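The structure under discussion appears below in the form of structure tokens.
Note that the structure is predicted; figures quoted are calculated from it, not measured. Counting begins at 1 with the first residue of the sequence.
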Amino acid sequence: MKPIIVGIDGSQAAIAAALWSVDEAVGRGRPLHLVAVIKQTHPSADDYARDLSHAETSLKLAQSAIEAGAKPVEITTDIQRGPAATVLIEASRDAEMVCVGSVGIGRYARALLGSTAADLAEKAYCPVAVLRTDIEQPPVNWIIVRMTHDNDAVVEYAAWEAKLRKAPLLALGGRPEELSEHTDGEFEQRVHAWQQINPEVRVYPITTQSGIGKFLSANDERVQLAVIGSDEADQLTQLVGPSGHALFAHPHCSVLVVRG
């Protein structure tokens with residue numbers, strides 16, 4: 001079975017990504033594979049020993065955090081060499097999903113968002129989740145997605161996450177170029193038809209010309225996860241950028257990029 005892969009770098013964000021991934025693995029009946037990445041070459045034996053020790057310790061801490069939750073998930077670990085983005089993109093060929101923390105996967109977590117997360121969002125062969133560190137759970141924790149004529153796979157992923165995490169789904173209507181300033185009823189009809197197929201998901205439609213990033217920057221909805229298509233991967237830094245970013249008002253927003 002294809003595993004859920006989690007990039008582990010010793011950061012708290014990586015631990016949060018691992019814990020988020022547990023429900024994903026249990027819900028899909030998949031094993032959880034924790035991967036740490038060290039440099040391909042080292043200037044000295046001591047440097048290699050430090051790098052390896054950090055990776056081993058990081059994996060142990062992540063595994064211990066998962067096991068403390070006592071959920072029925074199979075856990076494997078691995079240490080690989082090379083650029084983190086390259087390693088994880090290659091691993092994504094045989095993965096159900098790849099998950100990373102929003103600080104990036106770099107040696108000793110030196111990046112804020114990190115090129116690794118951005119590269120994964122654009123180049124991975126499977127869905128990619130970029131997770132925020134979970135500080136608190138707001139009263140209403142939306143999952144948000146844009147519902148268009150041609151993104152059924154993206155909406156289905158959003159619905160799965162809504163079911164798995166018992167969250168309401170906020171559906172933004174259509175691509176901006178498809179919408180006028182006034183509702184014509186077509187979007188609402190599409191939502192209603194979809195709701196008949198997925199009655200257990202609470203869906204709240206909003207007709208808007210804005211994309212997810214712009215919509216969130218202008219509104220106060222508490223969003224735990226934005227589900228976007230690979231053609232929207234360039235929104236990643238807008239949605240989960242570092243503190244002080246345009247969406248700092250939404251510190252809990254993680255992103256799932258769906259391929260296809």
Side-chain angles (χ1 to χ4, degrees), residues 1-7 16-33 66 69 71-74 92-102 117 120-121 124-132 134 137-138 140-174 187 190-206 211-212 215-216 221-233 235-236 239-240 252-260:
M1 291 189 297
K2 291 183 176 181
I4 307 291
I5 292 178
V6 187
L19 293 175
W20 184 91
S21 303
V22 171
D23 287 337
E24 203 71 41
V26 172
R28 295 180 181 275
R30 303 286 179 167
L32 197 59
H33 188 53
I66 293 168
K71 293 186 178 180
V73 60
E74 176 188 344
S92 74
R93 291 179 182 272
D94 297 309
E96 181 76 13
M97 182 183 292
V98 176
C99 306
V100 294
S102 62
L120 273 171
Y125 297 91
C126 68
V128 173
V130 181
L131 288 313
R132 287 277 198 175
D134 190 11
Q137 289 292 329
V140 177
N141 223 2
W142 297 98
I143 289 173
I144 188 169
V145 67
R146 289 172 69 188
M147 184 177 284
T148 72
H149 290 293
D150 59 355
N151 74 337
D152 289 347
V154 176
V155 176
E156 285 303 319
Y157 256 92
W160 163 263
E161 294 297 336
K163 295 173 192 175
L164 182 65
R165 304 184 189 283
K166 298 178 174 59
L169 184 64
L170 199 62
L172 305 188
F187 169 58
R190 196 159 65 244
V191 171
H192 178 72
W194 186 88
Q195 183 82 80
Q196 300 305 303
I197 304 171
N198 299 273
E200 67 275 39
V201 180
R202 293 171 292 160
V203 182
Y204 298 84
I206 293 182
I212 291 176
F215 176 83
L216 289 182
E221 278 78 5
R222 305 294 293 185
V223 173
Q224 64 168 301
L225 183 69
V227 183
I228 63 177
S230 54
D231 59 335
E232 301 172 290
Q235 292 188 49
L236 182 65
L239 290 166
V240 292
H252 305 281
C253 184
S254 300
V255 174
L256 174 60
V257 183
V258 179
R259 319 311 303 179

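Nearest approach of Gly27 to Leu164, heavy atoms of both residues: CA-CD1, 4.2 Å. Across every non-hydrogen atom of Val203 and Ala171, the tightest pair is CG1-CB, 4.1 Å. Nearest heavy atom pair, residue Pro72 against residue Val26, reads O-CG2, 3.8 Å. Nearest heavy atom pair, residue Val201 against residue Ala162, reads CG1-CB, 4.0 Å. What you find for Arg93 and Lys2 is that their closest heavy atoms are O-NZ, 4.2 Å.
Atom-to-atom distance recorded for Leu169:CG and Asn198:CG is 9.5 Å, nearest 0.5 angstrom. Rounding to the nearest 0.5 Å places CD1 of Ile4 at 6.0 Å from SG of Cys99. Between the SG atom in Cys126 and the CD1 atom in Ile5 there is a gap of 7.0 Å [rounded to 0.5 Å]. Rounded to the nearest 0.5 angstrom, Glu156 CD and Asn151 CG are separated by 10.0 Å. Taken to the nearest 0.5 Å, the CG atom of Asp150 stands 7.5 Å off from the CG atom of Asp231. Atom-to-atom distance recorded for Ile66:CD1 and Leu19:CG is 6.5 Å, nearest 0.5 angstrom.
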Fill in: Chi angles and distances behind the side-chain contact (heavy atoms from CB on, under 4.5 Å) call for Val6, Trp20
CA-CA 10 Å; Val6 187; Trp20 184 91; over 6 Å; no
Practice prompt. Check the pair Val154, Ile228 against side-chain contact (heavy atoms from CB on, under 4.5 Å), reporting the backbone distance first and the verdict last.
Written response: CA-CA 6 Å; Val154 176; Ile228 63 177; 5.7 Å; no
Practice prompt. Go through the steps to decide whether Asp94 and Tyr125 satisfy the test side-chain contact (heavy atoms from CB on, under 4.5 Å), and finish with yes or no.
Written response: CA-CA 8 Å; Asp94 297 309; Tyr125 297 91; over 6 Å; no
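Not counting sequence neighbours, the partners of Tyr204 by the ring pair (Phe, Tyr, Trp, His ring centres under 6.0 Å) test are Trp142.
Put simply, the side chain of Val223 reaches to within 4.5 Å of the side chain of Leu216, judged on heavy atoms. Annotation: side chain of Leu256 is in contact with side chain of Glu161 (closest heavy-atom distance under 4.5 Å). Two residues are said to be in side-chain contact when any heavy atoms from C-beta on lie closer than 4.5 Å; Val98 and Leu120 meet this criterion. Put simply, the side chain of Val191 reaches to within 4.5 Å of the side chain of Met147, judged on heavy atoms. At a threshold of 4.5 Å between non-hydrogen side-chain atoms, the residues Val128 and Met97 do not count as touching.
The pair Arg165-Glu24 counts as a salt bridge, with a side-chain nitrogen and a carboxylate oxygen less than 4.0 angstrom apart.
Remark: the backbone N or O of Ala124 is paired with a side-chain donor or acceptor of Arg259 at under 3.5 angstrom. A donor-acceptor contact shorter than 3.5 Å links the side chain of Gln224 to the backbone of Asn141.
The residue from Leu225, Asp152, Val227, Val145 that alone fulfils the side chain to side chain contact (heavy atoms under 4.5 Å, CB included) condition with Tyr157 is Val227.
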